[in-house]
Amino acid sequence: MIILSLRQGIGAPPVPVVQVNERVQRGQVVAEAVPDALSVPLHAPVTGKVCEVNEQTIRIEPEGQAESYLPLHTDKPAWQVVKDAGLLGRGGAGFPAYVKLQTQLEPGGYVLCNAAECEPVLRHNLAQMMEETDKLFSGMQIAMQATGAEKGIIGIKFKHKDVIKHLTAYIKEQNLPHIRVLPLRNRYPVGEERALIRDTVNQLLPAGALPVQANCIVFNVETLTGIHEAWVEKKPAIDKWITIAGRLNKLAPGETEVRIVPVGTRIADLVEDYGGIHEPHGEILLGGPHTGLRAGPDAAVQKMTGGMIVTGPFPQVEGPLGIIQCACGPSEERMKEIAASMGAEEITGYEVCKNATPQKVGYKCEDPGHCPGQAEKVLGIRKAGAKAVLIGHCTDCTNTVMGSAPMLGIEVWHCSDCVMDTMGLARTRTIQDENE
Ligand code: SF4
């Protein structure tokens with residue numbers, strides 16, 4: 001069963017145009033974009049029969065596993081084809097990609113490729129850069145042409161030396177002097193849009209500002225390959241690269257696998273593909289340990305889903321627990337969900353990093369990944385009576401918390417601990433080595 005959510009990413013949900021019992025082909029539009037609104041259509045990721053249409057979802061019973069699809073019409077401008085493809089930004093909130101392609105940059109502008117793959121454990125962007133290098137550079141050049149960008153930069157963490165070498169060799173072979181690879185520090189969140197702009201073109205935009213204010217447009221790796229697929233292969237956004245990890249019977253401890261699955265694939269079906277959950281487990285996380293969300297019973301892969309991680313049981317905390325929230329980490333709701341899973345009966349003190357500035361929804365960081373000092377927040381938690389603190393901080397701020405909290409008798413927990421424990425990775429704490 002394929003479960004297509006009508007509410008994917010940012011914008012008005014598309015309007016269903018299919019009926020129950022109707023047979024649909026892979027690539028066929030099943031919900032149309034709302035006219036004159038920020039909205040993209042939704043396509044059938046499989047050939048099959050529509051079994052349910054309601055205000056939230058369209059369910060399709062697949063028939064076989066066809067690879068082919070109904071092609072898009074490409075006799076339109078690139079942005080329009082990308083809109084018709086239903087392409088959303090595949091690295092985060094799911095902003096419609098066509099809007100960025102409509103931007104006209106000033107002379108000297110940049111298309112930036114966010115290849116930081118900032119979340120620990122996830123590696124499908126790295127895999128795709130190695131396996132679909134042609135598509136990545138093709139998408140980059142289509143985006144540069146559409147926006148008038150003169151230069152392209154691929155920002156990738158310097159620890160991924162093999163991928164950097166591969167991309168650099170490709171640029172040389174293909175003679176693409178207007179595109180370059182720029183190594184980034186191995187810290188979370190260097191892939192945050194304004195962090196990437198700061199670390200590539202040396203401009204720190206204010207919280208809430210758009211990349212165009214720095215004469216830049218930012219796409220993630222898979223969005224650029226999606227632009228190529230829409231424009232060159234006439235393919236709608238119907239498949240998704242994801243990382244699978246965690247306590248699944250067919251995965252060894254610490255192993256990860258990269259898969260390409262149809263959008264709408266049920267998480268329960270993916271779990272079954274891997275022989276079920278290796279119990280005991282804590283949760284099924286969709287996305288990475290900083291910004292991922294717990295999967296509900298009817299969860300399915302969406303156009304922006306980056307991974308499925310089945311975690312082990314949550315570590316348990318003793319004594320009163322306070323929380324310090326980060327702008328680039330879990331929301332308040334998610335932090336409290338993690339705290340409850342760690343056995344905290346109530347929250348004793350709640351603080352937000354002083355770099356986090358409130359937005360219409362959530363927070364944005366003033367200077368992502370550069371710690372403004374955390375001692376005041378840790379003292380606030382201690383004053384409220386907490387003996388332990390759960391943080392959602394970036395690498396730099398976690399390092400700072402570690403410089404004060406243990407000395408004040410406060411035990412430190414990080415929102416990513418459960419995932420890191422599950423994967424046998426070192427917990428995020430004090431920075432030991434910039435290269436790791
Ligand atoms: S400085 Fe604060 S708000 Fe910004 S990334 Fe670090 S923890 Fe988050």
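Counting convention: from 1, in listed order, for ligands and their atoms alike. For the numbers below, each heavy atom of this structure counts, side chains included, while hydrogens, waters and symmetry mates do not. Note that the structure is a prediction, hence the values are computed from the model and not measured.
Looking at atom 6 (Fe) of ligand 1, its nearest protein heavy atom turns out to be C394 SG, 2.4 Å. The protein heavy atom nearest to atom 8 (Fe) of ligand 1 is C326 SG, 2.3 Å. Taking atom 4 (Fe) of ligand 1 as the reference point, the nearest protein heavy-atom neighbour is C365 SG, 2.2 Å. Protein heavy atom in closest approach to atom 3 (S) of ligand 1: A327 N, 3.4 Å.
Here the side chains of P183 and I164 are in contact, with some heavy-atom distance below 4.5 Å. In this structure, the side chains of M140 and F219 stay at 4.5 Å or more apart for every pair of heavy atoms.
Within ligand 1, the atoms closer than 4.0 Å to a non-hydrogen atom of P372 are 1 (S), numbered from 1 in the order shown. The atoms of ligand 1 that sit less than 4.0 Å from any heavy atom of C328 are 5 (S). Ligand 1 places these atoms under 4.0 Å from at least one heavy atom of G369: 5 (S).
Under the 4.0 Å criterion applied to side-chain N and carboxylate O atoms, K387 and E318 are not assigned as salt-bridge partners. Residues D273 and R259 are paired through a salt bridge, judged by an N-O separation under 4.0 Å between the basic side chain and the carboxylate. Taking the charged nitrogens against the carboxylate oxygens, E229 and K135 do have a contact shorter than 4.0 Å, which makes a salt bridge. The pair K100-E193 counts as a salt bridge, with a side-chain nitrogen and a carboxylate oxygen less than 4.0 angstrom apart.
No more than 12 heavy atoms of other residues, nucleotides or ligands sit less than 6.0 Å from atom CG of D36. No more than 12 heavy atoms of other residues, nucleotides or ligands lie within 6.0 Å of CD in E346, so this atom counts as exposed by the packing criterion.
A heavy-atom separation below 4.0 Å is found between H370 and ligand 1.
Distance check for C353 against atom 8 (Fe) of ligand 1: none of its N/O/S atoms falls below 2.8 Å. For atom 4 (Fe) of ligand 1, the set of nearby N, O or S atoms under 2.8 Å includes none belonging to H393.
Contacts between C397 and ligand 1 below 4.0 angstrom, taking non-hydrogen atoms only, involve the side chain exclusively.
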